[in-house]
2 protein chains.
Amino acid sequence: MNENRPTPSRRIAEDLRSDITSGRLQPGWKLPSGRELARRYGVTQNTANRALSILAAEGLIVVKTGSGTYVRESHPIRRLGPDRYARHKWQNTIVTVHADDRPDGETVEQQGGQTQDVALTEADEEIAAALGIEVGAPVYERARVMTRDNHPTHTMNSYYRREDVEGTAIVDPRPGIAGRGGGFAVLSERGLEPYEITEDISARMPTTEEALLLELPAGEPVVEVRRTTRTREGRPIEYARGVHAASRFLWSFTYPIPD
Amino acid sequence: MNENRPTPSRRIAEDLRSDITSGRLQPGWKLPSGRELARRYGVTQNTANRALSILAAEGLIVVKTGSGTYVRESHPIRRLGPDRYARHKWQNTIVTVHADDRPDGETVEQQGGQTQDVALTEADEEIAAALGIEVGAPVYERARVMTRDNHPTHTMNSYYRREDVEGTAIVDPRPGIAGRGGGFAVLSERGLEPYEITEDISARMPTTEEALLLELPAGEPVVEVRRTTRTREGRPIEYARGVHAASRFLWSFTYPIPD
DNA sequence: TAGTGGTCTAGACCACTTC
DNA sequence: AAGTGGTCTAGACCACTAA
């Protein structure tokens, strides 16, 4: 099947798409209803709906069932660079347990919140390789869901060797500890000062669970970030895996050209 | 509408999905046909097809019209890091014009090829900002489509200030010049040695044109890379914008934690 | 309660691939 | 020629939203 044979639904989608990209339909505006499009183009409602779902899969519109379909509004995009791990942001952090009376440094996450779950589990192959331990070895998992303006934006699951964090605030299941820098501060106190980070970045479509958890509209991919943190000696102290709603973030790296 | 109400099509999709993730259906294997599923589940072919298109949108299967649907096979993933720009890869490159008699250094791109289009055009806002010039100023655009095993993997459009590359091999429309390092070598000869790179990385669904050009299956997002190259003095000499098939690449960055 | 998107059945045809 | 995915009409019902 020629992927671009003009079928009625594709023609309708095309019209609407050009209305959107040209600005005739502004972000946030409501599109004609499926029944209205059906009437206008002399097709079935089913066919008109198909046109809408094409645009939804492209991420151009957002569907609010029962209400209508709307031109997608772009969120402000957060630029993520190495700075967000900067030492001065956690170096002098007093590790408190309650989110409310945290002194400062957490203005980084302003307007943001997070849930937290801590569990002792076993290292799978990926975690084991990253932390330099055996598969099945006990690791602490700190699972977080970050939110912004009351909507989830990304998850971040950190893994630590058991002996590295046993008894520390990291393992305290109460929320509040270790926003961005708390974990690093705790590790530092333990003599495991973070020195180097490796970030691996890739993108894919979300699983159904992720789509639900992150409230992703149809047509929104996710970016997967795998982060390994090591001491100056190269000893891995944290492995983290995060899933981000793609439209809300941008990763930025600046580096000198290597020899 | 509850996004997870179990409808017939979703139930079928769910069954197939678990067959795939569990390994009962191996990558490359053929799924039951729509008509067969319809018969098995007692639904319309239309409904069965809908189930398949759900999986396609998730990127789990690949559809070969007229032949069948198949469990998606994962490509080998290329890991992209700063090394690919390393000086030794282009420092001593003799800039030849024909791809065939290139001395070496291009083993980097083994099994790969590229098309090339050069044009003199006008800087849009984004390009102008990156290159530090006025909007509408003349820039050379070098548009490339990279292929691997005869399939396109990504595009890369580079932009240069006109005066920087006028008369150089970069502007020669014949293919062959400037695979990875050629452009850098030429700029170096002009006294504009690349020193620092900034890469901005984001992901989204492809436009219809991109999907066609990159032969993207349904449910494959793209990663957009914006690269700015500067001299030691901070003078921008190249701005490039690339679109990558997400499933074929991974970006990796290692850096010390900043202060 | 009226309007919205979402989904379904039943039946049909098209373009493509495979043999 | 048989089988495949893709799409369509016609008509129907459901769950949800908003007034």
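Keep in mind it's a predicted model, so treat the numbers as computed, not measured. Numbers restart at 1 for each chain; the letters A, B, ... are given by sequence-line order, proteins then strands. Note: hydrogens, waters and symmetry copies are ignored here, and every other heavy atom, side chains too, is used.
Counting to the nearest Å, the P atom of C/dC8 and the OH atom of B/Y41 are 13 Å from each other. Rounded to an integer number of Å, the gap from A/Y70 OH to D/dA18 P is 7 Å. Note: CD (B/Q45) to P (C/dC8) measures 14 Å, nearest angstrom. Taking atom CZ of A/R39 as the reference point, atom C1' of D/dT9 lies 18 Å away to the nearest angstrom. Separating the CD atom of B/E36 from the P atom of D/dG5 is a distance of 10 Å, rounded to the nearest angstrom. Look at CZ on B/R50: it is 15 Å from C1' on D/dG5, rounded to the nearest Å. Remark: P of C/dG3 and NZ of A/K30 are 11 Å apart, rounded to the nearest angstrom. Rounded to whole Å, the distance from CD1 on B/I12 to C1' on C/dC8 is 11 Å.
The residues A/E36 and A/R40 are annotated as salt-bridged, a charged nitrogen and a carboxylate oxygen being separated by less than 4.0 angstrom. With respect to the salt-bridge test (charged N to carboxylate O, under 4.0 angstrom), the residues A/R79 and B/D200 qualify.
In this view, B/S74 satisfies the side chain to side chain donor-acceptor pair (under 3.5 Å) rule with no residue, not counting sequence neighbours. Residues satisfying the side chain to side chain donor-acceptor pair (under 3.5 Å) criterion with A/R226, sequence neighbours excluded, are A/E126, A/E224.
Checking the phosphate oxygens (OP1, OP2) of C/dC8, no side-chain nitrogen or oxygen of B/T44 falls inside 4.0 Å. The shortest distance between the side-chain N/O atoms of A/T65 and the OP1/OP2 oxygens of D/dA15 is not below 4.0 Å. At the phosphate of C/dT7, neither OP1 nor OP2 sits under 4.0 Å from any side-chain N or O atom of B/T47. For the OP1/OP2 pair of C/dC8 and a distance below 4.0 Å, the side-chain nitrogens and oxygens of B/T7 include at least one atom meeting the criterion. Phosphate contact (OP1/OP2 of C/dT18, side-chain N/O of B/S67, threshold under 4.0 Å): present.
Along DNA chain C, the nucleotide closest to A/K64 and the one closest to A/N46 are compared, and the more 5′ of them pairs with A/K64. Sequence order on DNA chain D of the closest nucleotides to B/S33 and A/S9 puts B/S33 first from the 5' end.
Taking the six-membered ring where the residue is Trp, A/H244 and A/W251 present perpendicular rings, their angle passing 60° and hence far from 30°.
Counting only heavy atoms from C-beta on, A/V63 has its side chain closest to C/dG6 among D/dG6, C/dG6, C/dC8.
A donor-acceptor contact under 3.5 Å is not formed by the side chain of B/R35 with the base of D/dG3.
Looking at heavy-atom distances under 4.0 Å, B/S53 makes no contact with the nucleic acid at all.
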